[in-house]
Amino acid sequence: MIERFGAIEDAMHRAKNFDAFFASSFADDLMDRLEQRMNHADVISLDVFDTVLLRDEKSELSRFRDVAERFAGRAEVREAAPDLTMRACLVARLYCAATAYQLSIKVNGATEGRLNDIARNMMVSLRLPAEMAALWIATELEVEREQLRPSIFADALMARAMGAGKQVILVSDMYLDQSQIAELLTACGLETARYTRLFSSADTHVNKRSGTVFPMIAEEMGLHPYRFLHLGDSLVSDFQRPSQAGWWAQHLPVPDMMTHARIRDHHATCEAVFGRPDYPLPMSVPSL
Amino acid sequence: MNKHIATLGPVFLFWISQLHDKLAYLHDTRGYKALYCARAGKRIQDLMDAYTGGNAPFSGDLFGISRIGACKVSAGDPAMFKTVYRVTAETLNHVSLADLCKAYFQHSWDETHPQMAALARLSQRFDEPNFRALIAANDPAARYFRDTMNQNREGLRQWFRENLGDLSGYVLVDSGWKASIQALLAEAYPEFGFLGLYFGVMDTRPLENRFGVIFDSPTYQPGRPSTVFALHRHLVESILEPNAPSIEDTLGGPQDALARAQLEQVRNETPDPVADRLFLDLRDYIAANAGKPIDQIEADYRAALPRVADLLIYPDREDAVALAGKDRSVDFGREGAIPVLADDTDCTPDERIQRSLWPQGQIALEYEGATARRLQAMASGAQDRDYFASHEKTDSAASAPSDKPAGWEGSVAIVTRTKNRPLLFRRAAASVAAQTYRNYRWVVVNDGGDVEPVRAIIGKSGVDPRLITLVSNPQSVGMEAASNMGVRAVDTEYVVIHDDDDAWEPDFLAASVSFLKSPRAAAARFEGVLSRAWRVSEQIVGDRVVIHKTEPYMTWVSEVSLAQMAVGNFFAPISFLYRRSVYDAIGGYDESLPVLGDWRFNLDFLLRANIGFLDRYLAYYHHRDMGDSSKDGVYANSVVGGQSLHAQYFSVVTNGILRDPETPPAMAAVIANGHLQRIMEMNFRNSANDRNKALRQLMDGASDATAKAPSGPASLPKEDADYIRACIRRAIPLSPSPRKLFSRLRWTGRVENIEQPHERMKWLPRVLHLIPSPPDFDHIAYLRDHPEIWATVYNGPDQLLPYHHWLMEGIDLGYERPRLKAGA
């Protein structure tokens, strides 16, 4: 007997985009599988970005460019620094983020950058008044809101989980803190009643990527690891690491075509802003 | 602006701007204060002032420290010995302990001081055991050494506290390259959370919280332009070296005043308008361009890097002279300087190039034109130096067949056979999931065992489900048939058998595939690769695996020849990754063999293709060779548990090969020779065993003989007996006092026969405090060779000494009396 695994995950990889997958029969199979697994769990844990809130085909670099452009065009900024360009803001954002990830406090061997810290450091780099950091943060959240939409599938899953008496938590590796993520969720129409806890690595420092957040959550919630079911789009952070920590896990990958589009978009933005599609930047290029 | 500043200016400006932002971040988020480590720190601070106009958004101070200064604060603490020794040994070679002490005390060295005079007599070689013995010793001189170092440590701790104020920790700012000072201070003062920010880091040894702003690489890597500074880091050091001596005394320590005076010298240094032209011009460049926006600074830096590479790899004569920099001053308590470019006229050009601290620059002085460029490229690793590798062309590597799907090229089938061994299978699953290389298909063959536990383990393994295939046999089909089923269940370029009881390092697949894809592998027709393995001896106890021993497996292997394989199989499947095309040509594993199937396969493989050797330990070959799990049951190894079966089937395999009419004559000859070799090895082993047994009997007899005689303590050598008598006479001098005279007479009589064991044991304990260590007794060597006495009264701060241990016990135990070299 030969059994191949990963049919649902494969279908998700091959789908044209999120909507195409969630409109297919595989989505029903996925929901069935998750409902079965939920029977053995007390807590349903979901990643936020590209799981509960879906991004489009823009790359992170493009998103930062959009934020930089909007920020540099704001009246208060023009007044304080008339010669400030989008490009300067973008470079500052990238390098200050790299600094934050490199030099932030290590907790259990894990480091994490925080947007609040990044923004303040950006103002030093750009020689702008410190109080403008809040304006950068507000601009970034504004652009995020415009480029995110809620996942109807995740919303339905969360509703079913709560209806079945499970706790629903959200766990995100992100430079946005809990309040900032909660603001985005609300702005995208996701009721705060849908989840009981929201963990952001910007607050906890321990994160999914290193695997350190899962034991922390289990201990904090007083439950055995196998009572948790986690879902998310990252193979390492949302599937391998929780599995290694003893959690049940379901990988919900970003469709490959969307990832390819984001890669193309990254290189196109690189070329448009820096003159070369492969310009070396202190950030990761999206990858399959 | 000259071309050198036009090239280096943007690099230094980018470095300072990034350093500025990072220091601001650390100050803002973690309350960290910058310490610019003099001497380079002085000029870094100058460049930072040029950038900020004196208005930095963080707190920073000039800090007087050096590598030897950092060693001095830690050398008194045995817990820090390893780091202190490593850093000291990087600079001080072929010196004595006396030289070491002189370097450590340097400006306060005074051989009229009794303890320093004693330290000056330590002629033992400076090496790890001797240095460790010096730190552990408790004679007055060693204690003086330790106490002085400890005073340094506590003094500097106080300085750190006073200078921190309301802040939380320190970040060290320096040029580079191994961050030895940071390593020492972080270990000595963990409470200050030392971080380090450097122009560059060049070190293979990992160190937490150490960051190179421009580069972090021990060598130049052509694909990473900023690492070109690794070829000529002296350029950066020279630019940043002020005209003041190194600060080798410790702030807050016994030489605090001297340290502060040295620091002021550095602070007040005046750059020389000629020798420091580069620094002055760079400072001006930074001041003139500090107002540029960050994106322009970054773009100028990126554009400059290729020009930097050109200057440092292919300098012409003018570049070499301009960028050689100042002579490199030595440190660590020594004086002098080493020129970057050699100018000895009594050497050949090649000798000068080898001695030079910047070979590319030296080549520019010795040669011209194409010759110079070719040699400079070779010196930089930019050109393949290996004449004999000219046949290794990158286009000689095979490309994927056109009918294969995307992702087939480089894909690996990992075949795991399992049968009712969930405890071990879970470990194997973790080993697969941990692989850094992701282009694989994991085929699990459940050969007649319970499939549900296998599914459960697969489900929680963390392996991408799309990559997993489960082949489940209701009845066992045997090891080799199971392997074939697994291999044939998927289509990949490579194959490896990962049994359910073995494991890999996370980069096994990455390293093995990379090896086979290399031009060298293609040129040598390596279609498989073997890496080294650890042999792990373990035992199943309940639901746990208990590891008893891990040791290198088959360390003699360095290549894989058919002739050697004919003698016997010498590697496990876990270490062997190979190309599927050879498996197809062979037709798979021989399913008629219950054991030795992998040996037969390896022979067939070597008949058709070569197997390369990767000299890295990347696999773990586990044996249940202890306890009940070793022989029988599901957890038994086929090697250990099926030993007699191996012996029986050995001839089945060889006879089968020889009988087969398709076997090439060469193979038959190799098999026959292998048989002869096995006979020779067996005879040699038996003969060696007999000889060893006889030798052991002889030695046991001899040691018994030694143990039997002498029957009591040994006699004291005459020179030591005379020395003791002289000490007694000195301690109790002639005196008109009748009581003192009587005491002298009594003790002179008691020690008259002190050579005798009985007399020695009776009287010496009462007068040991009157007997100092003789000048020629090497107490450091004695402590080094007998660490068991370190924590005894014979190494105490009180009156007993290592010499006393030798007098009272060592001589009877047969310990040699160590002597200092004459003239010490």
Side-chain angles (χ1 to χ4, degrees), chain A residues 1-10 13 81 83-92 94-96 98-100 102-106 109 114 116-118 120-122 124-127 130 226 235-236 239-244 246-251 253 273-276 279-281 288, chain B residues 17-18 20-30 32 56-58 171 193 195 197 208-209 211 224-226 290-299 302 305 429-430 433-434 438 442-444 446 451 455 458-474 485 489-490:
Chain A
M1 179 190 70
I2 295 182
E3 194 177 330
R4 312 270 181 200
F5 290 71
I8 293 176
E9 293 82 354
D10 192 53
H13 271 286
D83 296 330
L84 186 65
T85 63
M86 171 275 291
R87 198 166 178 274
C89 294
L90 177 57
V91 170
L94 296 176
Y95 276 91
C96 291
T99 290
Q102 186 185 57
L103 298 179
S104 66
I105 292 176
K106 254 188 205 164
R114 292 163 46 89
N116 295 351
D117 299 338
I118 293 168
R120 283 199 308 276
N121 198 228
M122 281 178 66
V124 170
S125 186
L126 295 169
R127 295 193 176 88
Y226 57 79
L235 180 65
V236 174
F239 183 69
Q240 269 190 4
R241 296 286 181 252
S243 298
Q244 287 164 352
W247 291 29
W248 290 98
Q250 174 63 51
H251 185 210
V273 178
F274 300 106
R276 273 168 52 190
Y279 194 81
L281 294 170
L288 288 167
Chain B
S17 73
Q18 284 300 294
H20 169 272
D21 292 353
K22 289 178 193 297
L23 291 175
Y25 175 87
L26 286 169
H27 184 268
D28 173 43
T29 61
R30 298 180 65 175
Y32 266 53
F58 49 83
V171 49
L195 293 169
L197 290 173
E208 255 201 313
N209 298 323
F211 306 101
R224 292 167 54 196
S226 64
K292 274 187 177 174
I294 181 63
D295 64 311
Q296 191 60 56
I297 293 174
E298 194 268 348
R302 292 274 171 222
L305 279 180
R438 301 281 187 197
W442 187 32
V443 184
V444 178
N446 174 49
V451 73
R455 277 208 193 92
I458 285 173
K460 296 209 80 179
S461 64
V463 175
D464 186 345
R466 298 177 300 154
L467 307 180
I468 305 173
T469 298
L470 172 61
V471 179
S472 195
N473 301 324
M485 291 177 82
V490 292

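Lettering follows sequence order; numbering is per chain, from 1. No experiment lies behind these values; they were computed from the predicted model shown.
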Partners meeting ring pair (Phe, Tyr, Trp, His ring centres under 6.0 Å) with B:Trp442 (sequence neighbours left out): B:Phe425

Pairs of heavy atoms under 4.5 Å with chain B: top-ranked of [options]:
{"options": "A:Ala92, A:Ala249, A:Ala100", "answer": "A:Ala100"}
{"options": "A:Val91, A:Ile118, A:Asp83", "answer": "A:Val91"}
{"options": "A:Arg127, A:Gln244, A:Arg114, A:His251", "answer": "A:Arg127"}
{"options": "A:Pro242, A:Cys96, A:Ser104", "answer": "A:Ser104"}

Using side-chain heavy atoms (C-beta onward) and a distance below 4.5 Å, is [X] in contact with [Y]?
{"X": "B:Thr469", "Y": "A:Phe5", "result": "no"}
{"X": "A:Leu94", "Y": "B:Glu298", "result": "no"}
{"X": "B:His20", "Y": "A:Val124", "result": "yes"}
{"X": "B:Val471", "Y": "A:Met1", "result": "no"}
{"X": "A:Arg4", "Y": "B:Arg466", "result": "no"}
{"X": "B:Phe211", "Y": "A:Leu103", "result": "yes"}
{"X": "A:Tyr279", "Y": "B:Arg302", "result": "yes"}
{"X": "A:Leu90", "Y": "B:Asp295", "result": "no"}

From [X] [atom1] over to [Y] [atom2], what is the distance, rounded to the nearest 0.5 angstrom?
{"X": "B:Gln18", "Y": "A:Ser125", "atom1": "CD", "atom2": "OG", "value": "7.0 Å"}
{"X": "B:Leu197", "Y": "A:Thr99", "atom1": "CG", "atom2": "OG1", "value": "9.0 Å"}
{"X": "A:Phe239", "Y": "B:Ser461", "atom1": "CZ", "atom2": "OG", "value": "6.0 Å"}
{"X": "A:His13", "Y": "B:Asp464", "atom1": "NE2", "atom2": "CG", "value": "5.5 Å"}
{"X": "B:Tyr25", "Y": "A:Met122", "atom1": "OH", "atom2": "CE", "value": "14.0 Å"}

Please look at [X] and chain B and tell me whether the side chain, the backbone, both or neither of the residue comes under 4.5 angstrom of a heavy atom of that chain.
{"X": "A:Trp248", "answer": "both"}
{"X": "A:Ile105", "answer": "both"}
{"X": "A:Leu126", "answer": "side chain"}
{"X": "A:Pro253", "answer": "neither"}

Let's test your reading of the structure: which of B:Gln296, B:Arg455, B:Glu208 forms the most heavy-atom pairs below 4.5 Å with chain A?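 Most heavy-atom pairs within the cutoff with chain A belong to B:Arg455.
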
Which one wins on heavy-atom pair count under 4.5 Å against chain A: B:Pro293, B:Gly193, B:Ser472? B:Ser472

Of all the heavy-atom pairs spanning A:Glu9 and B:Pro465, show the shortest one and how long it is.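 Closest approach of A:Glu9 to B:Pro465, heavy atoms only: OE2-CG, 3.8 Å.
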
Quick one: closest heavy-atom pair of A:Arg87 and B:Ala299, and the distance? NH2-CB, 4.1 Å

With a 4.5 angstrom heavy-atom cut-off, which part of [X] approaches chain A: side chain, backbone, both or neither?
{"X": "B:Leu26", "result": "side chain"}
{"X": "B:Val463", "result": "backbone"}
{"X": "B:Ala434", "result": "neither"}
{"X": "B:Ile458", "result": "side chain"}

Does A:Arg120 offer a backbone N or O that forms a donor-acceptor pair with the side chain of B:Asp28 under 3.5 Å? no

Side-chain donor/acceptor of B:Lys460 to backbone N/O of A:Gly246, under 3.5 Å: yes

Please name all residues satisfying side-chain contact (heavy atoms from CB on, under 4.5 Å) with B:Pro474, sequence neighbours left out, ordered by chain then number.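 For B:Pro474, no residue satisfies side-chain contact (heavy atoms from CB on, under 4.5 Å) once neighbours in sequence are set aside.
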
Distance alone, cut at 3.5 Å: any donor-acceptor contact between the side chains of B:Thr29 and A:Asp117? no

B:Asp21 vs A:Asn121, test: side-chain contact (heavy atoms from CB on, under 4.5 Å). Steps then yes/no. CA-CA 7 Å; B:Asp21 292 353; A:Asn121 198 228; 4.2 Å; yes

